[in-house]
Amino acid sequence: MQCSYFDAGLCHSCTLMGVPYAEQLATKEATARTLLAAHDSAVWLPAVASAESGFRAKAKMVVGGSSAAPTLGILDGQGRGVDLRRCGIVAPGIRAAFDALAEAITASGLEPYDVPARRGELKNVIVTESADGELMVRFVVRSRASVAAVASIVSALQEALPQVAVVTANLLPEHKAVVEGAEEVVLTSRSTLPMRVGDVTLQVRPQSFVQTNTAIAGALYRQGRAWIDAVAPSTVWDLYCGVGGFALHAAAPGRRVLGIEVSPDAVESARTAAGALGMPDVAFEVGDATTAVRVAGAAPELLVVNPPRRGLGADLADWIERSRIPTVVYSSCNAASLARDLEGMPSYRVTQARLFDMFPQSTHSEVMVLLERAPAA
Ligand SMILES: C[S@@+](CC[C@H](N)C(=O)[O-])C[C@H]1O[C@@H](n2cnc3c(N)ncnc32)[C@H](O)[C@@H]1O
């Protein structure tokens, strides 16, 4: 893939831009295999390739410039806005909305936040697109006083872009290098974006994690289900379940599934989805994964884990090691922390592994492994 922003030196976020895609995929799989070399008997299924461009269903754009002429993109080394509205890895439906979003920002009168001067109000715009083309648009602002200005542009925005289903103002008062804050004000009648992913419809609320590449996430959940169904467990736990992608795919007659997730918004999303799908045996609880398993007093027949980049950590890996759970499905966006966690679970062998290219043009990818416990000696 070619990118004029990259070629002009304006954006280097996609570190593999210009590298032929087949080479990217082969290098990522070679890296993952090297990191998991201790499990050399694993069968690697063919890597799942992504579309090279237009694959990002979620765009986090820093707002710079001025209210009259906002930039949507990143900040340069001096903290000035760089406009990346034509970014080629973003889904076409999101890209097509950027001009109308910039016009809405101008109409709101909100001044973009000037990082070096610590002045201004509008920090970021976060846009998520469903496979059906609907959009969730979140304006990240510095203070509560700006919520009314965001509210004032909602109807004009929905007139210009009827596919905008959810609009929110997210409050980020601190001068911090994070994308969003803890408080969200929903400004539309709808607060949830239905997203068809794999074989289920997720119900995504604003502050919920959602996989950035919908097609690859669907393939990931289907592979997870295939591994789970081959074992046919009667109980499954999905730790770090987010909005429930793995748990909802794991549902089957006679099987109880429990998802654990730290974000209340994500758990509410997952419960809504399970309700809409008519899955009474799929439940979700808010909690820290490590604490939840410790207090549960029992263990499932099969465990799914999909932690953030830092991995499970020593405590949870140790709990799994001692748990005697026969089968674990571990999906990781960081093969280095996956390998580290596996060192703390020496009773488990990787029997199957597969790379899912969630993040083309970058060195990142998702690796999912099927872990089976060696029979006790
Ligand atoms: C990589 S995402 C995976 C989400 C989900 N499995 C999916 O496919 O969308 C990791 C999730 O872990 C959650 N999380 C982070 N720390 C956690 C913790 N200590 N306990 C439980 N969940 C946590 C995050 O909120 C996020 O939803």
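Just follow the structure's listing: the first ligand is 1, and inside any ligand the first atom is 1.
Taking a cut-off of under 4.0 Å to the non-hydrogen atoms of A289, the atoms of ligand 1 that pass are 18 (C), 20 (N), 21 (C). Atoms of ligand 1 lying under 4.0 Å from any heavy atom of R310, numbered from 1 in the order shown and given with element: 15 (C), 16 (N), 17 (C), 19 (N). Atom numbering of ligand 1 starts at 1 in the shown order; those under 4.0 Å from a heavy atom of D288 are 18 (C), 19 (N), 20 (N). Each of the following atoms of ligand 1 lies closer than 4.0 Å to a heavy atom of V262: 14 (N), 15 (C), 16 (N), 17 (C), 18 (C), 20 (N), 21 (C), 22 (N), 23 (C), 25 (O). Close approach to N306 involves these atoms of ligand 1, each under 4.0 Å from a residue heavy atom: 1 (C), 2 (S), 3 (C), 4 (C), 5 (C), 6 (N), 7 (C), 8 (O), 10 (C). Each of the atoms 20 (N), 21 (C) of ligand 1 lies under 4.0 Å from some heavy atom of G287. Taking a cut-off of under 4.0 Å to the non-hydrogen atoms of Q211, the atoms of ligand 1 that pass are 7 (C), 8 (O), 9 (O). Near Y221, meaning under 4.0 Å from one of its heavy atoms, ligand 1 places the atoms 7 (C), 8 (O), 9 (O).
The closest side-chain donor-acceptor pair between D315 and T290, if any, does not fall under 3.5 angstrom. No donor-acceptor contact under 3.5 angstrom links the side chains of R309 and S337, judged on distance only. In this structure, a donor-acceptor pair under 3.5 Å is present between the side chains of Q352 and W227. No side-chain donor-acceptor contact under 3.5 Å links E180 and N124.
The closest protein non-hydrogen atom to atom 4 (C) of ligand 1 is Y240 O, 3.4 Å. When hydrogens are left out, the protein atom nearest atom 15 (C) of ligand 1 is P308 CG, 3.6 Å; that is the closest non-hydrogen contact. In this structure, atom 5 (C) of ligand 1 lies nearest to the protein heavy atom C241 O, 3.3 Å.
Following chains of ILVMFWY side-chain contacts shorter than 4.5 Å, one can reach V267 starting from L277, so the two form part of one hydrophobic cluster. Linking ILVMFWY side-chain heavy atoms closer than 4.5 Å, directly or via other members, places M279 and F284 in a single hydrophobic cluster.
Under a 4.0 Å N-O distance rule, the pair E285/R271 qualifies as a salt bridge.
More than 12 heavy-atom neighbours from other residues, nucleotides or ligands sit within 6.0 angstrom of CZ on R190.
Neither the backbone nor the side chain of A217 has any atom closer than 4.0 Å to an atom of ligand 1 (non-hydrogen atoms only). Within the 4.0 Å heavy-atom criterion, the part of P307 lying near ligand 1 is the backbone and not the side chain.
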Could you list the donor-acceptor pairs under 3.5 angstrom formed by side chains in residues 231-240, with sequence neighbours left out?
from : atom 1 : to   : atom 2 : distance (Å)
S234 : OG     : E301 : OE2    : 2.6
T235 : OG1    : E301 : N      : 2.9
D238 : OD2    : A247 : N      : 3.0

Using residues 89-111 as the side-chain source, report each donor-acceptor pair under 3.5 Å to any protein atom, sequence neighbours left out, with the distance given to one decimal.
from : atom 1 : to   : atom 2 : distance (Å)
R95  : NH1    : C87  : O      : 3.3
R95  : NH1    : G88  : O      : 3.4
R95  : NH1    : V90  : O      : 3.0
D99  : OD1    : R85  : NH1    : 3.0
D99  : OD1    : R86  : NH2    : 3.3
D99  : OD2    : R86  : NH2    : 3.0
T106 : OG1    : S67  : O      : 2.8
T106 : OG1    : A102 : O      : 3.2
S108 : OG     : I105 : O      : 2.6
S108 : OG     : L110 : N      : 3.0
E111 : OE1    : S67  : N      : 3.3

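By the 4.0 Å heavy-atom criterion, G245 is excluded from the residues contacting ligand 1.
By heavy-atom distance, the residue among E285, E261, M358 lying nearest atom 24 (C) of ligand 1 is E261.
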